[in-house]
Protein chains: 2
Amino acid sequence: MPSAAGAKLKDVAALAGVSVGTVSNVLNRPEQVSTEKRSRVLAAIDELGFVRNESARSLRSGSTRSLGMLVLDVRNPFFTDVALGAENVAEDHKHSLILANSAEDSDREQAYLDLFEQQRVQGILITPFGNVLERLETMRSRGIPSVLVDRLARTDQFCSVSVDDVAGGATALSHLLSVGSVRPAFVGGPFTLQQVEDRYRGAADAAERAGIRLQLFETPDLKFERGRHVGDSIAKLQPNERPDAVFAANDQLALGLLQSFAANGLRVPEDIAIVGFDDIDFASQSSIPLTSVSQPRQLIGERAAGLLFDEIDDEPGHVHSQVVFTPELVARQSTRRG
Amino acid sequence: MPSAAGAKLKDVAALAGVSVGTVSNVLNRPEQVSTEKRSRVLAAIDELGFVRNESARSLRSGSTRSLGMLVLDVRNPFFTDVALGAENVAEDHKHSLILANSAEDSDREQAYLDLFEQQRVQGILITPFGNVLERLETMRSRGIPSVLVDRLARTDQFCSVSVDDVAGGATALSHLLSVGSVRPAFVGGPFTLQQVEDRYRGAADAAERAGIRLQLFETPDLKFERGRHVGDSIAKLQPNERPDAVFAANDQLALGLLQSFAANGLRVPEDIAIVGFDDIDFASQSSIPLTSVSQPRQLIGERAAGLLFDEIDDEPGHVHSQVVFTPELVARQSTRRG
DNA sequence: CCGTTGTAATGAATCGATTCATTTGTGAAC
DNA sequence: GTTCACAAATGAATCGATTCATTACAACGG
């Protein structure tokens, strides 16, 4: 249990009686070193408590063993799951993942991109918030590629991994119809969010195909509180003009509706059914388990990281690709047919 | 919008017509450079798109601008909140926080400590899982101090920031008594977890002081599913031998109980009241909002990071301190008195 | 015995920013 | 006019690991 402070490669070489080059080889290409010297070096490393200096390593070799990941909100379980998937892949490639939180703030987003650039990460996984695509392109031209996560690249300048929200919206609404809804409603907003727009469009189209009108309750955000608020106004409506089922643009909103309905004495699903979107853990853990549209979160992270490594490893021959997952519905009690 | 690839400090110096030392000064001590040269340098930096190489910087200067943080489970909202608090403080000190997930796995924990050591982080925030205290001490002796998070240091070798779980347990139980419980129960385990042990002891002592017996339902873990399972067996008991209130060791467990009781037709809080621990967001977002014992999560992270910087900045004179927060109860509908 | 081939090992040069001892320049003081 | 103080600027040395051209040596064939 040695505790010498700050041994460096040179010291190891001296103690083992070999050259610095040999020590470096033991660290990086152990198969090219004779068994005898290798074990002498390893013994010396152990005795001195030598830890290799990553700064020096990456300065000389020109490459860091790390990826940067920039998400909109670390507190959102969706993103931690995606990050988990990405981290697993990074680990397989012996890279580490630096997770950063733009917190839906353009300045922070820029600052973290600065940081990633300074740290010379090998690549970036990002759910863009502000207007950063142009910057990402110049970063790629300087050798730092990026992959868009949870956002379809409209250009073919990037790889992206996303989910087909239109299909998800259609699935959700079809499900409501299949359990007997004749007066469905959509709750969500703002429509400037592509995902809200897509989920609504999918649902509206599905309703139209069935010859049914989809009522709309537009909201300025997707938070729990907002759901409770909208829920209160829905509960106040006369039974004959009240929706018999709602599709909420995400689970937070859906949980808010659920709480409000419970507080207002509406029975779910008998009086009104609810389907959410994202299938966060708490959807299934609610008192009345929530039906939700599920996205393969870890898989999204894994594929994104996979694409990124493709581009890192094969820079010239790389062809950008857009991976789009189709979400699936998980039926639970909140839409159980009576 | 320049796109030259890989400009380095020397290039900037050449373009601005100054020495490399001056450019470095503009970057690090701008007040020591004349206004004229400073602006010439800044213009050159801009024109070349120069980004300083952090590896080279920290190799030469011997210090990185980063902290490592190692938590038990990034998917647990408790830890993301703590991390958020720590990150804010790190940002104030112009440091970045590298967040890693030991996932309650000793090997991963060791691997991340290796990584932190190689990256020469300035300090470490850690919720230890395996037996790492000894290693942390040798790391400190090599210049990397650490602070224990959500865990009271039993030695005075470390700073720590934690919560008084005994007091929290007592508060929870007193609350149940105050709303009229005469047959309370505790649900939680394993008792090898210090936190479970403490919360139970606090509750048991409070019950004893009131001359009331605290029933115990021990569990092998603290997960949602487990709560549902225990809830089912509690619901099967005869009304006269069934607890009239339960204190769950954490919110996951409490939510499981809640779901089970709802499914079994027990009314909360009329038939049985519930109090949880942690006050995660979803506690308040449940259909029946959950009373819970709340820990100042972000504050924990902030204080921990603060103590760490104290030690980093003032290595010789630093005295370790143990910060212990007292949690507080947030009463909601699940214990509303009838 | 010489030449060839291949494996191990060597160590000086290198990555790019920072540091610091030194030089240059300016103005004030005498 | 000389000295002194002080600010500004310089550039060579440096951090520590990696790289790669070179050397050392052994084995083998002819």
Side-chain angles (χ1 to χ4, degrees), chain A residues 4-42 44-45 48-66 94 114-115 117-120 122 142-143, chain B residues 4-42 44-45 48-66 94 114-115 117-120 122 142-143:
Chain A
K8 45 189 82 161
L9 194 137
K10 194 167 50 170
D11 305 325
V12 174
L15 181 61
V18 300
S19 71
V20 293
T22 300
V23 178
S24 178
N25 282 336
V26 170
L27 259 29
N28 301 301
R29 309 171 195 73
E31 73 286 355
Q32 290 187 16
V33 179
S34 67
T35 325
E36 188 229 338
K37 297 214 164 175
R38 193 189 320 156
S39 55
R40 250 161 59 202
V41 169
L42 290 174
I45 286 178
L48 294 173
F50 166 78
V51 176
R52 99 135 129 337
N53 184 322
E54 181 65 22
S55 297
R57 203 204 129 271
S58 59
L59 170 59
R60 176 60 235 238
S61 73
S63 83
T64 56
R65 303 206 142 288
S66 60
K94 304 207 176 312
D114 287 348
L115 189 73
E117 215 171 348
Q118 286 168 206
Q119 307 220 120
R120 301 290 195 274
Q122 294 290 97
R142 292 189 198 147
Chain B
K8 47 190 81 164
L9 194 137
K10 193 167 50 170
D11 304 326
V12 174
L15 181 61
V18 301
S19 71
V20 293
T22 300
V23 178
S24 178
N25 282 337
V26 170
L27 259 28
N28 302 301
R29 310 172 196 72
E31 73 286 355
Q32 290 187 17
V33 179
S34 69
T35 325
E36 188 229 338
K37 298 214 164 176
R38 194 190 321 156
S39 55
R40 252 164 53 204
V41 168
L42 290 174
I45 286 177
L48 294 173
F50 166 78
V51 177
R52 106 135 130 331
N53 183 322
E54 180 65 21
S55 297
R57 201 204 130 271
S58 58
L59 170 60
R60 175 61 236 234
S61 74
S63 83
T64 58
R65 303 207 142 286
S66 59
K94 303 207 178 309
D114 288 348
L115 188 73
E117 214 170 351
Q118 287 169 204
Q119 308 222 119
R120 300 291 195 275
Q122 294 289 98
R142 291 188 199 148

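To find a chain, count down the sequence lines: A is the first, B the second, and so on, and within it residues start at 1. Hydrogens, waters and symmetry mates are skipped; everything else that's a heavy atom, side chains included, is used.
Remark: C1' of D:dG16 and CG of B:Leu59 are 6 Å apart, rounded to the nearest angstrom. Taking atom CD on A:Gln32 and atom P on C:dA9, their separation rounds to 10 Å, with Å as the unit. The interatomic distance linking A:Arg65 (CZ) with D:dT18 (P) rounds to 10 Å, in whole Å. Separating the CD1 atom of A:Ile45 from the P atom of D:dA17 is a distance of 10 Å, rounded to the nearest angstrom. Between the P atom of C:dC15 and the CD atom of A:Gln119 lies a distance of 22 Å, rounded to the nearest Å. If you measure from atom CZ of B:Arg120 to atom P of D:dG16, you get 9 Å, rounded to the nearest angstrom. When the P atom of D:dG16 is taken as reference, atom CD of B:Gln118 falls 16 Å away, rounded to whole Å. Across the protein-nucleic acid pair, A:Glu31 atom CD and C:dA9 atom C1' stand 15 Å apart, rounded to whole Å.
Using a 4.0 Å cut-off, some side-chain N or O of B:Arg52 falls inside it from OP1 or OP2 of C:dT18. One finds no side-chain N or O of B:Lys10 lying less than 4.0 angstrom from the OP1 or OP2 phosphate oxygen of C:dT18. Taking side-chain N and O atoms only, B:Arg60 has no distance below 4.0 Å to OP1 or OP2 of C:dC15. At the phosphate of D:dT18, neither OP1 nor OP2 sits under 4.0 Å from any side-chain N or O atom of A:Asn25. Remark: A:Ser24 is not in phosphate contact with D:dT19, judged by side-chain N or O atoms under 4.0 Å from OP1 or OP2. Between A:Arg29 and the phosphate of D:dT18, there is no side-chain N or O to OP1/OP2 separation shorter than 4.0 Å. A sub-4.0 Å separation between OP1 or OP2 of C:dA17 and a side-chain N or O of B:Ser61 is absent.
B:Asn53 places a side-chain heavy atom less than 4.5 Å from the side chain of A:Arg120. Inter-residue side-chain proximity for B:Ser19 and B:Thr22 is flagged as met; some heavy-atom pair is nearer than 4.5 Å. Counting heavy atoms from C-beta on, the side chains of A:Glu31 and A:Arg29 come closer than 4.5 Å. Counting only heavy atoms from C-beta outward, the side chains of A:Arg142 and A:Glu117 approach each other to under 4.5 Å. A:Val41 has its side chain within reach of A:Val18: a pair of non-hydrogen atoms, C-beta onward, lies under 4.5 Å apart. Proximity of B:Phe50 to B:Leu27: side-chain heavy atoms (C-beta onward) are separated by under 4.5 Å at one or more points.
Counting any heavy atom pair closer than 4.0 Å across all strands shown, B:Val18 reaches sugar-phosphate atoms only and no base atom. Here A:Arg38 lies out of heavy-atom contact (under 4.0 Å) with every strand. Nucleic acid contact for B:Val33: sugar-phosphate only, since backbone atoms but no base atoms lie under 4.0 Å from a heavy atom of the residue. Contacts of A:Gly21 with the nucleic acid, taken as non-hydrogen atoms under 4.0 Å apart, include base atoms.
Distances were taken from every side-chain heavy atom of A:Ser19 (C-beta onward) to each of C:dT10, C:dG16, D:dT18; the shortest belongs to C:dT10. Each of D:dA9, D:dT18, C:dA9 was ranked by its minimum atom distance to the side chain of B:Lys37; first place goes to D:dA9.
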